[in-house]
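Along the sequence shown, the residues carry numbers beginning at 1.
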Amino acid sequence: KQWYQRRVRATVCHDVINGGCRGGTTLSLLHDKTFSLVGEAASQDLCLFLTQSACVPYFGMLEKWLYKGMIDDPYNEFFVEEFGEGCQLEQVQRKYELVYDTYWEKRYSLNIQQVPLFLGKVAEKVLHTGKYLNVIRH
(Lines give C-alpha, C1' and ligand atoms only; values in the text may rest on other atoms or scores of the structure.)
Protein backbone atom coordinates (compact mmCIF):
# COMPACT_ATOMS: atom_id res chain seq x y z
CA LYS A 1 0.00 0.00 0.00
CA GLN A 2 2.69 2.50 0.93
CA TRP A 3 4.63 1.78 -2.23
CA TYR A 4 1.53 2.57 -4.26
CA GLN A 5 1.02 5.89 -2.45
CA ARG A 6 4.66 6.76 -3.09
CA ARG A 7 4.07 5.94 -6.73
CA VAL A 8 1.01 8.20 -6.79
CA ARG A 9 3.01 11.05 -5.21
CA ALA A 10 5.84 10.52 -7.69
CA THR A 11 3.40 10.50 -10.60
CA VAL A 12 1.75 13.72 -9.44
CA CYS A 13 5.14 15.42 -9.00
CA HIS A 14 6.28 14.19 -12.40
CA ASP A 15 3.10 15.42 -14.10
CA VAL A 16 3.29 18.85 -12.45
CA ILE A 17 6.95 19.37 -13.28
CA ASN A 18 6.90 17.97 -16.83
CA GLY A 19 3.61 19.70 -17.62
CA GLY A 20 5.01 23.06 -16.54
CA CYS A 21 2.00 23.35 -14.27
CA ARG A 22 1.48 26.22 -11.88
CA GLY A 23 -1.53 27.86 -10.29
CA GLY A 24 -4.79 26.83 -11.88
CA THR A 25 -3.20 24.17 -14.08
CA THR A 26 -1.78 22.47 -11.00
CA LEU A 27 -5.18 22.55 -9.32
CA SER A 28 -6.81 21.09 -12.44
CA LEU A 29 -4.23 18.30 -12.59
CA LEU A 30 -4.71 17.47 -8.88
CA HIS A 31 -8.49 17.59 -9.29
CA ASP A 32 -8.35 15.19 -12.24
CA LYS A 33 -5.95 12.87 -10.42
CA THR A 34 -8.23 12.78 -7.36
CA PHE A 35 -11.23 11.75 -9.44
CA SER A 36 -9.23 9.22 -11.45
CA LEU A 37 -8.41 7.31 -8.24
CA VAL A 38 -11.99 6.40 -7.39
CA GLY A 39 -11.97 3.02 -5.68
CA GLU A 40 -8.50 3.50 -4.25
CA ALA A 41 -9.45 5.25 -1.01
CA ALA A 42 -5.98 5.83 0.46
CA SER A 43 -4.54 7.22 -2.78
CA GLN A 44 -7.62 9.29 -3.43
CA ASP A 45 -7.40 10.72 0.11
CA LEU A 46 -3.77 11.62 -0.53
CA CYS A 47 -4.64 13.45 -3.76
CA LEU A 48 -7.59 15.15 -2.08
CA PHE A 49 -5.26 16.36 0.68
CA LEU A 50 -2.79 17.69 -1.91
CA THR A 51 -5.61 19.42 -3.79
CA GLN A 52 -7.01 21.03 -0.65
CA SER A 53 -3.56 22.17 0.44
CA ALA A 54 -2.78 23.66 -2.98
CA CYS A 55 -6.14 25.46 -2.98
CA VAL A 56 -5.42 27.44 0.19
CA PRO A 57 -3.17 30.14 -1.36
CA TYR A 58 -5.11 30.12 -4.63
CA PHE A 59 -8.42 30.67 -2.87
CA GLY A 60 -6.74 33.45 -0.89
CA MET A 61 -6.06 35.22 -4.20
CA LEU A 62 -9.60 34.48 -5.36
CA GLU A 63 -11.09 35.87 -2.15
CA LYS A 64 -9.06 39.07 -2.39
CA TRP A 65 -10.22 39.56 -5.98
CA LEU A 66 -13.88 38.84 -5.22
CA TYR A 67 -14.15 40.98 -2.09
CA LYS A 68 -11.64 43.76 -2.75
CA GLY A 69 -11.01 43.75 -6.50
CA MET A 70 -7.30 43.35 -5.87
CA ILE A 71 -4.83 40.93 -7.43
CA ASP A 72 -2.09 39.61 -5.17
CA ASP A 73 -0.32 37.22 -7.53
CA PRO A 74 3.48 37.44 -7.25
CA TYR A 75 4.05 34.28 -9.32
CA ASN A 76 1.47 34.87 -12.10
CA GLU A 77 -0.62 31.85 -11.12
CA PHE A 78 -4.06 33.44 -10.89
CA PHE A 79 -6.48 33.32 -13.81
CA VAL A 80 -7.23 37.05 -13.74
CA GLU A 81 -4.42 39.13 -15.20
CA GLU A 82 -3.93 42.85 -14.84
CA PHE A 83 -2.77 44.94 -17.76
CA GLY A 84 -0.71 47.95 -16.81
CA GLU A 85 -0.37 47.19 -13.11
CA GLY A 86 0.18 50.38 -11.19
CA CYS A 87 -0.71 52.57 -14.14
CA GLN A 88 -3.13 55.37 -13.59
CA LEU A 89 -6.17 55.64 -15.83
CA GLU A 90 -4.95 58.96 -17.25
CA GLN A 91 -1.52 57.51 -18.16
CA VAL A 92 -3.04 54.55 -19.96
CA GLN A 93 -5.55 56.76 -21.77
CA ARG A 94 -2.79 59.08 -23.01
CA LYS A 95 -0.47 56.28 -24.07
CA TYR A 96 -3.07 54.08 -25.79
CA GLU A 97 -5.74 56.68 -26.49
CA LEU A 98 -8.26 54.56 -24.67
CA VAL A 99 -11.60 55.86 -23.54
CA TYR A 100 -12.80 55.18 -20.01
CA ASP A 101 -14.95 52.14 -20.92
CA THR A 102 -12.18 50.57 -22.96
CA TYR A 103 -9.73 51.04 -20.11
CA TRP A 104 -11.86 48.93 -17.77
CA GLU A 105 -12.53 46.37 -20.47
CA LYS A 106 -8.84 45.89 -21.23
CA ARG A 107 -7.31 46.42 -17.79
CA TYR A 108 -8.21 42.91 -16.57
CA SER A 109 -8.53 39.74 -18.59
CA LEU A 110 -8.82 35.99 -18.16
CA ASN A 111 -5.83 33.75 -18.60
CA ILE A 112 -7.79 30.70 -19.75
CA GLN A 113 -4.85 28.32 -19.16
CA GLN A 114 -4.84 29.22 -15.45
CA VAL A 115 -8.56 28.65 -14.82
CA PRO A 116 -8.94 25.52 -12.66
CA LEU A 117 -11.39 23.04 -14.18
CA PHE A 118 -13.73 23.30 -11.23
CA LEU A 119 -14.01 27.11 -11.69
CA GLY A 120 -14.45 27.06 -15.46
CA LYS A 121 -18.18 27.75 -15.43
CA VAL A 122 -17.84 30.81 -13.16
CA ALA A 123 -14.55 32.28 -14.46
CA GLU A 124 -16.23 35.09 -16.42
CA LYS A 125 -18.40 36.02 -13.43
CA VAL A 126 -15.33 36.07 -11.19
CA LEU A 127 -13.54 38.36 -13.67
CA HIS A 128 -16.47 40.78 -13.87
CA THR A 129 -17.01 40.84 -10.10
CA GLY A 130 -13.49 42.10 -9.45
CA LYS A 131 -13.70 44.51 -12.39
CA TYR A 132 -16.89 46.06 -11.03
CA LEU A 133 -15.31 46.49 -7.60
CA ASN A 134 -12.46 48.36 -9.28
CA VAL A 135 -14.82 50.62 -11.21
CA ILE A 136 -16.66 51.49 -7.99
CA ARG A 137 -13.42 52.02 -6.07
CA HIS A 138 -11.99 54.39 -8.71
Side-chain angles (χ1 to χ4, degrees):
K1 238 180 188 180
Q2 284 186 345
W3 68 268
Y4 187 73
Q5 287 185 353
R6 277 191 288 244
R7 186 171 157 217
V8 168
R9 281 193 304 258
T11 301
V12 168
C13 288
H14 178 268
D15 292 349
V16 167
I17 292 167
N18 286 346
C21 297
R22 60 183 173 70
T25 54
T26 300
L27 297 180
S28 293
L29 185 136
L30 289 169
H31 182 264
D32 281 349
K33 188 63 88 173
T34 300
F35 280 96
S36 73
L37 294 169
V38 172
E40 300 172 31
S43 297
Q44 189 176 33
D45 287 345
L46 171 65
C47 281
L48 184 59
F49 171 78
L50 293 172
T51 304
Q52 290 170 335
S53 298
C55 281
V56 171
Y58 199 86
F59 282 1
M61 288 186 276
L62 180 62
E63 182 178 9
K64 199 166 192 176
W65 175 249
L66 288 173
Y67 291 109
K68 296 181 180 180
M70 298 170 68
I71 296 175
D72 182 16
D73 185 15
Y75 303 107
N76 297 318
E77 297 174 315
F78 194 49
F79 65 90
V80 176
E81 294 180 324
E82 183 175 10
F83 164 77
E85 184 179 353
C87 288
Q88 298 299 318
L89 174 60
E90 297 79 23
Q91 292 172 326
V92 175
Q93 281 179 323
R94 264 185 265 122
K95 185 173 181 180
Y96 297 102
E97 299 177 11
L98 297 175
V99 295
Y100 189 76
D101 293 341
T102 307
Y103 170 79
W104 288 111
E105 185 62 34
K106 296 192 182 284
R107 175 137 186 209
Y108 301 101
S109 63
L110 282 180
N111 178 346
I112 300 299
Q113 289 81 23
Q114 289 296 344
V115 178
L117 291 174
F118 51 85
L119 293 177
K121 291 182 180 180
V122 296
E124 285 285 335
K125 289 179 184 178
V126 169
L127 171 67
H128 293 296
T129 300
K131 273 187 179 185
Y132 296 150
L133 286 171
N134 274 284
V135 170
I136 291 168
R137 196 173 62 209
H138 290 90

query = Any link between Leu127 and Met70 through a network of hydrophobic side chains (Ile, Leu, Val, Met, Phe, Trp, Tyr) touching at under 4.5 Å?
reply = no
inquiry  = side chain to side chain contact (heavy atoms under 4.5 Å, CB included) for Leu50 and Lys33? Distances and angles first, verdict last.
reply    = CA-CA 10 Å; Leu50 293 172; Lys33 188 63 88 173; over 6 Å; no
note = Correct closest heavy-atom pair for Pro116 and Ser28 would be CA-OG, 3.2 Å
task = Identify the heavy atoms of Val12 and Cys47 that sit nearest to each other, and give their distance.
result = CG2-SG, 4.2 Å
ask   = Can Ile71 be reached from Tyr132 by stepping across I, L, V, M, F, W or Y side chains whose heavy atoms are under 4.5 Å apart?
value = no
query = Do other residues, nucleotides or ligands put more than 12 heavy atoms under 6.0 Å from Phe35 CZ?
reply = no
message = If I take atom CZ from residue Phe118 and atom CG from residue Asp32, how far apart are they, to the nearest 0.5 angstrom?
response = 10.5 Å
message = Starting from Tyr108, can I reach Ile112 by hopping between I/L/V/M/F/W/Y residues whose side chains sit under 4.5 Å apart?
response = yes
request  = Specify the closest pair of heavy atoms between Trp65 and Val126, including all atoms of both residues, with the distance to one decimal.
outcome  = NE1-O, 2.8 Å
request  = Could you tell me the separation between the OG1 atom of Thr51 and the OH atom of Tyr58, rounded to the nearest 0.5 Å?
outcome  = 14.0 Å
query = About how many Å separate CG of Leu119 and NZ of Lys125, when rounded to the nearest 0.5 Å?
reply = 12.5 Å
Verdict with reasoning, Glu77 to Met61, per side chain to side chain contact (heavy atoms under 4.5 Å, CB included) = CA-CA 9 Å; Glu77 297 174 315; Met61 288 186 276; 4.3 Å; yes
ask   = Which distance, rounded to the nearest 0.5 Å, do you find between the CZ of Phe79 and the CD of Gln113?
value = 13.0 Å
ask   = Checking Thr129 side chain against Leu66 main chain: does a donor-acceptor pair fall under 3.5 Å?
value = no
ask   = Does Leu110 offer a backbone N or O that forms a donor-acceptor pair with the side chain of Glu81 under 3.5 Å?
value = no
ask   = What's the spacing between His31 NE2 and Leu117 CG if we round to 0.5 Å?
value = 7.0 Å
query = Just by modelled atom types, is the Gly24 backbone N or O under 3.5 Å from a matching donor or acceptor in the Gln114 side chain?
reply = yes
remark   = Rounding to 0.5 Å, atoms CG (Leu62) and SG (Cys55) come to a distance of 10.0 Å
request  = Please report the closest heavy-atom contact between Ala54 and Leu30, naming both atoms and the distance.
outcome  = CB-CD1, 3.8 Å
Closest non-hydrogen atom pair, Tyr67 against Leu133 = C-CD1, 3.7 Å
task = Would you mind listing every side-chain hydrogen bond (donor to acceptor under 3.5 Å, both in side chains) that reaches into residues 14-25, with sequence neighbours excluded?
result = His14-Asn18
